[in-house]
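First listed ligand is number 1; within each ligand, the first listed atom is number 1. Numbers for residues simply follow the sequence, beginning at 1. Fair warning: this is a prediction, and the values are worked out from it, not measured in the lab.
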Amino acid sequence: MLFIVLAAGFGKRMKSNRPKVLHKLVGKPILGWVLCACQKAFDPGQPNRLAVVIHPDMQEAVDYIEGWKKEAGLENVEICFQRERLGSGHAVLMAKEAIDRCEKGESVAILSGDVPFVRPETVRELALCAKELSGAVLTVDNPNPHGYGRIFRDPQGHVERIVEEKDLSPEQRSIREVNAGVYVFEARALSWALDRLDNHNAQGEYYLPQTVEILVRNRGKVAALTINDPVEVSGVNDRCQLVTLDRLMRLRINHRWLAEGVTVIDPENTTIESDVQIGMDTIIQPYCFIAGKTVIGKDCVIGPFSQITDCSIGDGCEIDRSHMRGAKVSKRVRIGPFARIREGTELSEGVSIGDFVELKKTSMGVGSKAHHLSYLGDATIGENVNIGAGTITCNYDGYHKYPTQIGNNAFIGSNTALVAPVSIGEGAIVGAGSVIVENVEKDALALARGQQIQKPGRAAVIRERNKKRP
Ligand code: UD1
Ligand code: MG
């Protein structure tokens with residue numbers, strides 16, 4: 001089966017410098033939703049191919065498609081360029097070579113790159129409707145049909161043709177059955193009809209929907225599959241439609257998690273991207289953004305305003321108002337409030353990270369703690385280590401990054417600067433306020449700060465002197 005995605009359109013109404021299809025809905029580009037729907041609709045019994053039609057100016061779209069293809073592990077994805085935007089029918093013509101490589105009887109599904117939420121099951125059902133016929137078109141009964149192509153049926157109810165808004169007479173405008181912009185055709189029939197398209201219409205464009213009329217006039221049969229859900233076939237043409245669909249999809253995802261046993265306290269104000277996984281009995285509090293390939297275990301509490309991207313989080317963790325990206329966290333870890341956990345961080349079971357602590361590429365062993373105001377970067381920290389408030393690993397000299405090692409059971413006093421590369425032995429104690437530039441041995445006490453001086457009665461003398469000053 002061949003899938004063609006039409007995405008060369010300009011998207012003028014978005015008022016944007018980037019292609020419309022790369023604007024995001026719940027974290028994924030509009031085009032990404034359509035490509036994923038195609039992949040999920042692949043016919044398991046056959047080889048499947050995908051062709052995406054874009055404009056040559058859309059380099060960002062080329063990069064996105066190449067990246068998607070690699071991640072999806074697909075070989076048969078090609079990009080076809082439409083140099084002049086002469087209409088949706090003309091766009092399909094740009095994939096003509098791919099269509100002509102199809103076997104006789106093979107199905108060609110055509111989807112619009114700006115209709116993101118078509119379900120793969122619907123595409124498959126449409127392909128079944130098209131079997132043994134020239135094609136099938138997806139339609140929806142839309143109480144507000146303005147702007148869509150309308151479906152005309154003969155007295156027996158068979159689809160005859162599709163007429164675009166601008167070509168309708170005033171009385172025809174009341175027709176509510178509209179073209180959803182998703183089609184399946186038999187490859188040879190499509191190829192034959194494409195060669196016969198004309199642009200004799202109000203917009204002077206080669207309309208893809210005209211293929212339906214051409215096929216039916218030549219004794220072909222085109223079925224219609226009518227669905228009830230207008231969201232599934234809503235297009236994105238401006239930013240208002242973008243945020244409306246974003247909200248609807250966010251709610252759908254959040255309600256799915258509610259059904260799976262995850263408490264999403266405020267579904268309206270929580271974003272969980274589509275590839276995220278969450279275990280049972282986890283609670284997600286309001287205003288969280290959980291993104292990318294994040295996996296969250298069971299029985300966790302994700303406190304409000306947390307942003308978590310591409311992390312894996314074990315069972316029973318508590319995360320409060322924190323930013324996390326690219327981190328791996330074991331079971332029963334506590335983070336936050338106001339912590340920043342960055343790429344390459346690995347936290348073992350029972351680790352506890354408090355407020356205003358930043359971790360980058362740092363691992364911490366079982367039961368270790370850093371409770372207040374620290375930066376720990378490029379550090380390997382053992383088990384049961386206490387990092388005092390205000391401890392900083394000085395890992396950068398302006399040119400290179402250097403590692404810090406801290407052994408099991410070590411105790412780092414508050415306000416310590418660990419000038420890397422440096423290592424602190426197991427069980428060592430570093431006195432508060434130290435600037436540590438040399439390695440500290442196992443079980444040693446290291447003090448690296450000015451000696452304290454005490455002058456008895458001197459404070460009272462200073463006070464008296466200051467009082468007398470004018
Ligand atoms: C289209 C249909 C309309 C249907 C509606 C559903 C046509 C002529 N009309 O209208 O019947 O009700 O979708 O959403 O197809 N494209 C190109 N190159 C072009 C023109 C369009 O690649 O030269 C692509 C667009 O990027 C888009 C798709 O084709 O993905 C549809 O084009 P668009 O201009 O959005 O058509 P609509 O007015 O939405
Ligand atoms: Mg459109």
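- Under the 4.0 Å distance rule, the nearest protein heavy atom to atom 7 (C) of ligand 1 falls inside the cut-off.
- Residues R321 and P304 form a side-chain contact, since some pair of their non-hydrogen atoms from C-beta on lies under 4.5 Å apart.
- Distances from the Mg ion (ligand 2) to each N, O or S atom of D114 single out OD2 as the nearest.
- Contact annotation for atom 33 (P) of ligand 1: protein absent (non-hydrogen atoms, distance under 4.0 Å).
- In this model, no donor atom of one side chain and acceptor atom of the other lie less than 3.5 Å apart for N201 and E164.
- Within a 6.0 Å sphere centred on CZ of R217, heavy atoms belonging to other residues, nucleotides or ligands number 12 at most.
- For the pairing with R49, the salt bridge (Lys or Arg N to Asp or Glu O under 4.0 Å) check across E103, E97, E75, E106 returns one residue only, E106.
- Put simply, the residue from T393, D378, D397, N395 that forms a side-chain hydrogen bond (donor to acceptor under 3.5 Å, both in side chains) with Y402 is D397.
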key: Check against ring-ring contact (aromatic ring centres under 6.0 Å, His included), F305 and F289   = CA-CA 7 Å; F305 301 100; F289 286 80; 9.5 Å; no

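- Around the NZ atom of K361, the shell of radius 6.0 Å holds no more than 12 heavy atoms that belong to other residues, nucleotides or ligands.
- When side chains are defined from C-beta on, C311 does not count as touching K293, because their heavy atoms never get closer than 4.5 Å.
- Checking only distances, G147 never comes within under 3.5 Å of ligand 1, N or O to N or O.
- At least one heavy atom of L86 sits closer than 4.0 Å to an atom of ligand 1.
- Looking only at heavy atoms of the protein, atom 16 (N) of ligand 1 is closest to G9 N, 4.0 Å.
- No salt bridge links E186 with K221; every basic N to acidic carboxylate O contact stays at or beyond 4.0 Å.
- Atom 13 (O) of ligand 1 has its closest protein heavy atom at G181 CA, 4.5 Å.
- Using a 4.0 Å threshold on non-hydrogen atoms, atom 36 (O) of ligand 1 does not count as touching the protein.
- Scanning the protein heavy atoms around atom 24 (C) of ligand 1, the nearest turns out to be L6 CB, 3.7 Å.
- Taking the side chain as every heavy atom from C-beta outward, P29 and W68 never approach each other to under 4.5 Å.
- Those atoms of ligand 1 with a heavy atom of G113 less than 4.0 angstrom away are 30 (O).
- Residue D114 places a heavy atom under 4.0 Å from ligand 1.
- Distance from atom 14 (O) of ligand 1 to its nearest protein heavy atom, with residue and atom name: Y148 CE2, 3.8 Å.
- At a heavy-atom distance under 4.0 Å, no atom of H90 approaches ligand 1.
- Geometrically, R196 engages W192 in a cation-pi contact, judged by NZ or CZ lying under 6.0 Å from the ring centre and within 45° of the ring axis.
- The shortest N/O to N/O separation between S88 and ligand 1 falls below 3.5 Å.
- Here the side chains of I65 and V77 are in contact, with some heavy-atom distance below 4.5 Å.
- Among protein heavy atoms, the minimum distance from atom 9 (N) of ligand 1 is reached at E164 OE1, 3.0 Å.
- Taking the six-membered ring for Trp and thresholds of 30 and 60 degrees, F338 and F356 have nearly parallel ring planes, at less than 30 degrees apart.
- The side chain of A91, and not its backbone, has at least one atom closer than 4.0 Å to an atom of ligand 1 (non-hydrogen atoms only; side chain from C-beta on).
- Both tests pass for R161 against the ring of F152: distance under 6.0 Å to the centre and angle within 45° of the axis.
- Listed by number with element, the atoms of ligand 1 under 4.0 angstrom from any heavy atom of G87 are 18 (N), 19 (C), 20 (C), 23 (O).
- Residue P209 approaches ligand 1 through these ligand atoms, each under 4.0 Å from one of its heavy atoms: 7 (C), 8 (C), 9 (N), 11 (O), 15 (O).
- Just one residue in the list R334, K328, R332 forms a salt bridge (Lys or Arg N to Asp or Glu O under 4.0 Å) with E349, and that residue is R332.
- Summary of contacts: the protein heavy atom closest to atom 28 (C) of ligand 1 is S112 OG, 3.8 Å.
- In this structure, G235 falls outside the shell of residues with a heavy atom less than 4.0 angstrom from ligand 1.
- Backbone and side-chain nitrogen or oxygen atoms of L208 are examined, and none is located within less than 3.5 angstrom of a nitrogen or oxygen of ligand 1.
- Within the listing of ligand 1, atoms 22 (O), 26 (O) sit less than 4.0 angstrom from a heavy atom of A7.
- At least one N or O atom of G149 sits closer than 3.5 Å to an N or O atom of ligand 1.
- Residue-level proximity to ligand 1 for Q82 is carried by the side chain, the only part with a heavy atom below 4.0 angstrom.
- By the 3.5 Å distance cut-off applied to N or O atoms, N179 is counted among the residues near ligand 1.
- Looking at ligand 1, you won't find any N or O of V233 less than 3.5 Å from one of its N or O atoms.
- At under 3.5 Å, a nitrogen or oxygen of A8, whether backbone or side chain, sits near a nitrogen or oxygen of ligand 1.
- Note that atom 26 (O) of ligand 1 has protein non-hydrogen atoms nearby, at separations under 4.0 angstrom.
- Shown here is K96, whose NZ atom has more than 12 heavy atoms of other residues, nucleotides or ligands within 6.0 Å.
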